[in-house]
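What follows is a single structure, written as structure tokens, with notes after it.
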There are 4 protein chains.
Amino acid sequence: MATASTRAARVDRRAQILRAAKQAFSQKGFHSASVSDIIERAGIARGTFYLYFESKRDVFDKLLEELLAELRACIRPIDLAPGSPQPVEQLKGNIMRVQELVLREPELFQLLLHQARGLDAQSAALVHAFYQRVLDLIERSLEHGMRIGLIRPCNPAIISSCILGTVKEVAGWLIAQGQPPPDREALVDEILNFGLRGLLAR
Amino acid sequence: MATASTRAARVDRRAQILRAAKQAFSQKGFHSASVSDIIERAGIARGTFYLYFESKRDVFDKLLEELLAELRACIRPIDLAPGSPQPVEQLKGNIMRVQELVLREPELFQLLLHQARGLDAQSAALVHAFYQRVLDLIERSLEHGMRIGLIRPCNPAIISSCILGTVKEVAGWLIAQGQPPPDREALVDEILNFGLRGLLAR
Amino acid sequence: MATASTRAARVDRRAQILRAAKQAFSQKGFHSASVSDIIERAGIARGTFYLYFESKRDVFDKLLEELLAELRACIRPIDLAPGSPQPVEQLKGNIMRVQELVLREPELFQLLLHQARGLDAQSAALVHAFYQRVLDLIERSLEHGMRIGLIRPCNPAIISSCILGTVKEVAGWLIAQGQPPPDREALVDEILNFGLRGLLAR
Amino acid sequence: MATASTRAARVDRRAQILRAAKQAFSQKGFHSASVSDIIERAGIARGTFYLYFESKRDVFDKLLEELLAELRACIRPIDLAPGSPQPVEQLKGNIMRVQELVLREPELFQLLLHQARGLDAQSAALVHAFYQRVLDLIERSLEHGMRIGLIRPCNPAIISSCILGTVKEVAGWLIAQGQPPPDREALVDEILNFGLRGLLAR
DNA sequence: CATGAATGAGGATTCATTCAT
DNA sequence: TATGAATGAATCCTCATTCAT
């Protein structure tokens with residue numbers, strides 16, 4: 001069936017271009033990476049690029065949206081229904097999943113952390129909206145935690161910022177390391193302990 | 001004294017251009033802001049710009065370096081000598097000073113947080129080096145704190161990342177608010193409490 | 001007969017593409033109309049287009065040549081042999097036939113009047129040659145008319161231009177109307193009267 | 001005065017570019033003439049072109065508008081007030097002035113006659129509006145002439161088209177000659193006689 | 001010092017045409 | 001024959017930087 005194989009080929013090409021663009025953007029940044037950089041990496045002709053994407057910006061957006069979608073899938077609201085895992089375990093799961101994604105897609109995270117906000121109003125808004133959703137999620141979890149006495153009284157708006165900042169910075173650190181940490185679980189525990197127990201000795 | 005007044009004029013012009021560039025860059029981003037944007041804002045001729053700065057990039061670097069220098073001045077190592085203020089007070093002082101700077105120079109922080117890392121290898125390195133110094137400082141403080149039993153045992157490399165992330169994200173949040181918070185001290189206490197005591201209720 | 005039906009199919013395809021191109025060119029102009037426009041209208045694949053025509057330019061030329069051929073057929077030299085219709089009637093016949101063609105193929109005339117001359121040297125030459133033939137025909141008729149005393153003495157080169165201009169402009173006007181005139185005969189009479197008797201009251 | 005000489009230089013540059021564009025467009029047509037063609041002819045850098053015109057299209061429009069403005073100035077309504085020159089003389093004046101312009105600016109007329117209508121909706125509209133104004137002027141003159149018994153009864157809408165077509169075609173013919181006619185007055189008389197008295201011998 | 005006209009390298013995008021299937 | 005994915009030359013336009021005045 002010509003259609004099936006053709007469709008498969010189309011998907012492959014697209015993926016190939018996305019891969020090349022991911023590399024180019026994360027190495028040179030959106031502006032310095034030219035369409036030539038992308039097509040050379042992908043080994044395709046100039047026109048082919050525009051067969052699959054509307055513009056250089058379009059590829060970038062697609063990469064970003066792809067990552068944000070995967071990120072969303074990593075982050076699950078804490079479920080306090082009886083029979084669910086311990087809240088701390090669920091928290092740990094969220095962070096573990098995000099870090100797995102970070103390690104699987106370091107280039108995309110590079111883009112998210114260092115490029116997307118600086119591009120223009122549109123992508124800034126896209127990213128902002130995403131973080132806002134995450135902040136909301138954290139805030140609501142904190143409020144719920146406070147209500148049931150699990151979390152000490154605090155200002156959820158500020159604290160959710162602290163938590164997001166922590167996760168983002170550790171993500172950046174992980175990428176900078178260039179290699180996965182020897183013990184991911186210990187890493188996540190360290191972060192969790194920081195957030196839950198703080199640093200003071202008792 | 002012709003020289004003196006001339007020199008003073010030179011300094012003024014320079015400052016005027018830096019001001020204009022600060023606005024232009026923070027509103028449009030480094031790439032979208034053109035030299036035209038800057039000179040129009042500054043009310044000077046195109047050629048004059050290049051009498052004071054080598055390139056568009058140069059102004060950006062100068063702005064960044066200026067901010068980094070001011071930031072450095074805000075952050076003082078914890079002094080545990082007898083007679084010094086309480087370590088927690090010194091910590092608080094650091095954060096307070098950083099936040100004052102954030103509120104005084106929101107545009108520059110915008111650049112630092114959202115533009116500088118994405119520009120190119122050079123500025124990425126500059127910013128990275130700065131953050132690395134801050135991380136080192138925190139790490140050494142943590143190690144010292146652990147040695148004297150003030151801080152519980154932890155992995156200083158990871159935790160310093162967490163702390164830096166927290167401060168950065170709250171800085172971004174402050175800028176996004178668009179206005180200074182009603183009670184800065186409470187804000188800083190909230191952050192400190194998060195870092196020191198964590199979130200769990202006892 | 002496979003060959004016959006195949007040949008018939010070929011002819012149909014060709015005509016179908018010509019039709020689509022005619023629409024596309026007259027709506028958007030030669031340059032703005034893309035091969036995509038044509039094949040979409042024709043409902044064929046990109047490659048198929050090039051099975052029937054050598055290039056985008058080729059279709060245009062074929063359309064133009066088709067029109068010029070039909071136009072040529074409309075214009076018949078005035079026959080002064082005894083037994084022929086009145087010269088004025090023959091003149092009228094020429095103009096009537098041209099106008100019928102204009103009304104039948106307004107799109108092609110659009111191309112002839114507004115596109116063909118502006119394309120490049122080649123089509124300019126093609127069109128120029130056609131008009132030159134028409135001018136020659138008119139000139140010879142005028143000269144003959146003068147010889148037999150039907151036409152007053154005049155400069156045939158200039159007057160033939162005037163006549164051609166009249167016919168062209170009225171053709172353009174007809175197309176712009178968007179609909180056939182209520183009384184074609186009156187229209188042609190008006191033109192003929194203009195050319196034969198002029199505008200002055202006696 | 002720097003300003004004065006600067007302004008003069010600006011005007012010169014602009015004129016220089018307009019000249020180069022006029023040549024390029026009339027030789028190759030709007031589409032085939034590239035900005036490179038224009039700047040090479042003008043002996044300027046690419047960027048300089050865009051210092052004086054917004055786009056390639058912009059220069060074309062400016063050329064066209066310039067010509068239309070000059071054309072408008074050539075065409076003056078017939079003034080029937082007592083003491084004015086004879087109507088026929090005024091008519092003759094109009095045609096003479098138009099032809100002088102044609103001979104002075106053959107390239108611009110080339111653009112008007114063969115390029116402008118085929119470019120796009122915008123310039124088509126510009127040109128159409130101009131011709132419409134001319135047609136209106138002729139129509140009103142005809143109606144007036146009929147009222148005062150100078151012109152025989154006719155359909156002004158059609159006849160004004162005939163007249164416009166005559167003038168346009170003769171203009172095109174003049175340009176094609178490549179050189180001014182030996183006796184311009186005789187040429188104009190020929191045209192006028194055609195329009196006023198027609199071709200029939202008495 | 002100041003000016004701003006001129007420069008030209010660089011980059012994104014289009015689209016007629018080809019060719020393997 | 002028919003298809004449509006791939007090609008890459010061609011083109012317009014931007015903008016950081018220079019330099020003669």
Side-chain angles (χ1 to χ4, degrees), chain A residues 2-3 5-7 9-10 12-14 31-39 42-59, chain B residues 2 6-7 9-10 13 30-39 43-59, chain C residues 2 6-7 9-10 13 30-39 43-59, chain D residues 2-3 5-7 9-10 12-14 31-39 42-59:
Chain A
T3 319
S5 71
T6 291
R7 196 168 299 154
R10 252 198 90 79
D12 286 356
R13 257 300 146 86
R14 216 188 121 86
H31 277 104
S32 302
S34 66
V35 171
S36 295
D37 288 324
I38 298 174
I39 64 175
I44 58 169
R46 201 159 287 273
T48 308
F49 176 89
Y50 289 92
L51 231 48
Y52 292 87
F53 296 94
E54 284 188 353
S55 64
K56 176 177 143 184
R57 181 53 194 274
D58 186 29
V59 221
Chain B
T6 292
R7 196 169 297 153
R10 237 196 107 77
R13 262 292 154 89
F30 177 79
H31 277 104
S32 301
S34 66
V35 171
S36 295
D37 287 323
I38 298 174
I39 62 175
I44 58 168
R46 195 160 286 272
T48 310
F49 176 89
Y50 288 91
L51 290 177
Y52 292 87
F53 296 96
E54 284 186 354
S55 65
K56 175 177 147 183
R57 180 53 193 276
D58 186 29
V59 221
Chain C
T6 292
R7 197 169 296 153
R10 235 197 109 76
R13 263 292 154 89
F30 177 78
H31 277 105
S32 301
S34 65
V35 172
S36 295
D37 287 323
I38 299 174
I39 62 174
I44 59 167
R46 194 161 286 271
T48 310
F49 176 89
Y50 288 90
L51 290 176
Y52 291 86
F53 296 95
E54 283 187 355
S55 65
K56 174 178 147 181
R57 180 54 194 274
D58 185 29
V59 221
Chain D
T3 318
S5 71
T6 291
R7 197 168 299 153
R10 252 198 92 81
D12 286 356
R13 259 298 146 86
R14 215 188 123 87
H31 278 104
S32 302
S34 66
V35 172
S36 295
D37 288 324
I38 299 173
I39 63 176
I44 57 168
R46 199 160 289 273
T48 309
F49 175 89
Y50 289 93
L51 230 48
Y52 293 86
F53 296 95
E54 284 188 353
S55 64
K56 177 178 141 182
R57 180 54 195 272
D58 186 30
V59 221

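Each chain gets a letter, A, B and so on, in the order the sequences are listed, and its residues count up from 1.
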**OP:** Select from D/Gly43 and C/His31 the residue whose nearest nucleotide in DNA chain E is closer to the 5' end of that strand.
**Re:** D/Gly43
Original post:
If we call it a pair only when both distances are under 3.5 Å in a Watson-Crick or G-U wobble match, what pairs with E/dT14?
Top reply: F/dA9
**OP:** Using both distances under 3.5 Å as the test, list the Watson-Crick or G-U wobble partner of E/dT21, or none.
**Re:** F/dA2
Subject >> A/Asp58-A/Ser55 side chain donor-acceptor pair, cut-off 3.5 Å >> reply: no
Original post:
At under 4.0 Å, does any side-chain N or O of C/Thr48 touch on OP1 or OP2 of F/dT3?
Top reply: yes
Original post:
What nucleotide among F/dC13, E/dA12, E/dT17 has an atom nearest to a side-chain atom of C/Tyr50?
Top reply: E/dT17
Subject >> Residue D/Arg46, side-chain atoms from C-beta onward, closest of F/dT14, F/dT17, F/dT7 >> reply: F/dT14
Original post:
Which is true for B/Tyr52 with a 4.0 Å heavy-atom rule: it touches a base, it touches only sugar-phosphate, or it touches nothing?
Top reply: sugar-phosphate
**OP:** Could you pick out which residue, A/Gly47 or B/Leu51, lies toward the 5' side of DNA chain E when each is mapped onto its nearest nucleotide?
**Re:** B/Leu51
**OP:** Name the nucleic acid region contacted by C/Arg57, choosing base, sugar-phosphate or nothing; use a 4.0 angstrom heavy-atom cut-off, strictly under.
**Re:** nothing
Original post:
Which of these nucleotides, F/dT3, E/dT14, F/dC13, is closest to any side-chain atom of C/Ile44?
Top reply: F/dT3
Original post:
Can C/Lys56 be said to sit on top of C/Phe49's aromatic six-ring, NZ or CZ under 6.0 Å from centre and within 45° of the ring axis?
Top reply: no
